[in-house]
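As a basis for the values below, the full set of heavy atoms in this structure was taken, side chains included, without hydrogen atoms, waters or symmetry mates. Chain identifiers are assigned alphabetically (A, B, ...) following the order of the sequence lines, protein sequences preceding nucleic acid strands; residue numbering begins at 1 within each chain.
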There are 2 protein chains.
Amino acid sequence: MPTEHHPADADQAVPELGLDMIEGQPVTGSLGRILPEATLARLTQYLRALNAMQARGDEQTSSGVLAAEAGVNPAILRKDLSLLGSYGTRGVGYVVMELTEHISKAMGLLRQWRVAIIGAGNLGRALSGYGGFRSRGFEIVALLDSAPEVVGTVVGDLQVQDIADMDEILASAEVNIAVLSVPGGAAQDLCNKLVERGVRSILSFAPVVLQVPTGVNLRKVDLATELQILAYHAQNLDT
Amino acid sequence: MPTEHHPADADQAVPELGLDMIEGQPVTGSLGRILPEATLARLTQYLRALNAMQARGDEQTSSGVLAAEAGVNPAILRKDLSLLGSYGTRGVGYVVMELTEHISKAMGLLRQWRVAIIGAGNLGRALSGYGGFRSRGFEIVALLDSAPEVVGTVVGDLQVQDIADMDEILASAEVNIAVLSVPGGAAQDLCNKLVERGVRSILSFAPVVLQVPTGVNLRKVDLATELQILAYHAQNLDT
DNA sequence: GGCTGTGAATCTTTTCACAGCC
DNA sequence: GGCTGTGAAAAGATTCACAGCC
């Protein structure tokens with residue numbers, strides 16, 4: 001790729017879409033296995049459905065039931081699960097708790113992850129209050145912002161800290177994962193800083209395409225993107 | 001536990017993760033064309049990159065430059081664009097404004113979309129203040145909640161209305177798209193109501209799998225899902 | 001009988017590579 | 001020379017269908 005005028009980092013093209021991810025391509029799974037991206041996405045759905053079952057008191061389930069609840073085809077559910085190992089019983093199905101455990105393990109959810117939220121605007125505050133995180137092994141250990149009028153305020157059980165002190169905060173709080181909820185203009189810069197400080201997993205909500213070096217794991221959620229795709233379908237459903 | 005197939009999701013290579021989508025499968029594009037889901041996701045990235053170019057004053061670009069900026073492979077970019085028509089010039093490239101226009105048209109972004117946000121919690125408020133929407137053709141015309149202490153309060157330039165009045169609000173505000181930012185427990189119920197009231201495009205942030213009838217267009221963004229997928233990659237990058 | 005696990009078949013998406021045009 | 005547009009090849013994901021086991 002002949003390069004050009006703009007600082008476009010021309011290494012491997014990573015399918016960016018709405019949410020992309022990883023860099024170097026194949027990532028080994030929990031036991032040397034490789035889990036395709038699409039499978040990962042579905043595994044989280046299965047976990048969710050399994051949680052609901054557990055809450056209802058169901059102890060067993062089957063690929064048919066679980067698939068219906070997660071909104072997927074039973075065959076692919078079985079294929080997904082078979083990538084983790086053989087945890088079902090023919091003629092019977094799966095044990096809810098056991099399966100939950102195996103999926104959680106494969107996805108790295110048995111350990112606690114320490115998350116810093118960068119940007120305490122509306123979205124950052126909403127995220128820091130989002131209950132779904134803590135219950136799933138994600139602990140929000142820091143909330144940072146640069147605006148003097150925001151620094152020091154308290155959100156939930158966290159006090160907003162100054163981005164200028166990011167270095168020490170990231171280190172002392174032992175942050176594994178950073179969530180970027182800052183305006184587009186500030187995102188690449190902060191992203192670079194995070195990477196420099198050793199953060200290798202970043203979830204960005206900023207409406208820009210971020211460039212990260214190989215080995216850094218970036219996912220992106222773009223709210224405008226979601227609405228745009230919805231608009232496309234709406235246009236073709238309506239009229 | 002209906003055993004039937006809920007079409008729900010399709011998720012191909014689109015790191016869909018948490019987003020599934022459309023129902024009936026093939027959706028015709030702007031001119032009878034069919035745009036694959038993965039292409040749609042990338043088109044929004046191209047739009048974003050094109051916007052940045054326009055802001056910088058670039059008038060022309062090429063698949064190489066645009067692809068680098070959007071983080072994709074140039075070949076697939078050309079293939080994506082070729083699905084919309086032939087808008088480039090061999091040996092030269094694409095005209096930024098023109099291409100922006102064509103993509104916007106294909107995606108249904110030339111018209112204004114009227115969005116209602118259901119749920120004025122932290123997330124709903126964050127969404128209603130999200131600047132990226134208005135600038136891209138999405139106008140937030142209503143913000144609803146059910147909590148008496150929230151109804152009537154003002155968020156940005158909107159007053160929170162009562163979900164009990166959803167019927168009239170949806171009709172009088174001519175809502176095309178609804179965003180669901182309510183707790184999981186309330187989501188399916190409200191989703192059903194929306195569908196009954198004729199809303200056929202829904203973006204859900206609720207952490208549950210929603211079932212919608214065929215013909216309704218549901219996308220889902222799940223913040224916990226995103227972190228979970230990140231955790232998987234982090235686990236395999238770290239140690 | 002019922003349900004898992006999986007090879008084989010099918011379908012989709014991406015990449016290659018080059019002809020065609022400026 | 002450079003870059004688009006696109007068939008053809010490759011890679012990947014999903015579905016089918018059935019053997020194997022409880």
For nucleotides 4-7 of chain D, which of its nitrogen or oxygen atoms have a protein nitrogen or oxygen under 3.5 Å away, and what is each distance?
unit_1: D:dT4; atom_1: OP1; unit_2: B:Ser63; atom_2: N; d: 2.7
unit_1: D:dT4; atom_1: OP2; unit_2: B:Ser63; atom_2: OG; d: 2.5
unit_1: D:dT4; atom_1: O2; unit_2: B:Arg90; atom_2: NH1; d: 3.3
unit_1: D:dG5; atom_1: OP1; unit_2: B:Tyr87; atom_2: N; d: 3.3
unit_1: D:dG5; atom_1: OP1; unit_2: B:Gly88; atom_2: N; d: 3.0
unit_1: D:dG5; atom_1: OP2; unit_2: B:Tyr94; atom_2: OH; d: 2.9
unit_1: D:dG5; atom_1: O4'; unit_2: B:Arg90; atom_2: NH2; d: 3.2
unit_1: D:dG5; atom_1: N7; unit_2: B:Arg78; atom_2: NE; d: 2.8
unit_1: D:dG5; atom_1: O6; unit_2: B:Arg78; atom_2: NH2; d: 2.9
unit_1: D:dG7; atom_1: N7; unit_2: B:Lys79; atom_2: NZ; d: 3.4
unit_1: D:dG7; atom_1: O6; unit_2: B:Lys79; atom_2: NZ; d: 3.0

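- The closest donor-acceptor contact from the side chain of B:Ser204 to the backbone of B:Ser181 lies at 3.5 Å or more, if one exists at all.
- Shown here are the salt bridge (charged side-chain N to carboxylate O under 4.0 Å, His left out) partners of B:Arg197, two or more places apart in sequence or in another chain: B:Asp167.
- Per the geometry, CG belonging to A:Leu35 stands 15 Å off C1' belonging to D:dG12, to the nearest Å.
- Summarising the geometry, the separation between CD on A:Glu37 and P on C:dT14 is reported as 13 Å, rounded to the nearest angstrom.
- To the nearest angstrom, P of C:dT13 lies 9 Å from CZ of B:Arg42.
- Electrostatic pairing of A:Arg56 and A:Asp58 counts as a salt bridge here, judged by a charged N lying under 4.0 Å from a carboxylate O.
- Within the 3.5 Å criterion, the main-chain N or O of A:Met107 finds no donor-acceptor partner in the side chain of B:Gln235.
- Of the possible polar contacts, one joining the B:Asn176 side chain to the B:Arg114 backbone as a donor-acceptor pair under 3.5 Å is found.
- The CG atom of A:Asn73 sits 9 Å away from the C1' atom of D:dC16 (whole-angstrom rounding).
- Between A:Leu50 and A:Met53, some side-chain heavy-atom pair lies under the 4.5 Å cut-off.
- Rounded to an integer number of Å, the gap from CG of A:Leu43 to P of D:dA13 is 13 Å.
- Counting only distance, with no hydrogens or angles, the side chain of A:Gln54 and the backbone of A:Met97 share no donor-acceptor pair below 3.5 Å.
- C:dC3 atom P lies 16 Å from atom CG of A:Leu99, rounded to whole Å.
- Going from atom CD1 of A:Ile76 over to atom P of C:dG7 covers 16 Å, rounded to whole Å.
- Note on the helix from C:dG1-D:dC22 to C:dC22-D:dG1: angle between the axes of the first and last five pairs equals 0°, rounded to 10 degrees.
- Although no hydrogens or angles enter the test, the distance criterion places no donor-acceptor pair under 3.5 Å between the side chain of B:Ser201 and the main chain of B:Ala178.
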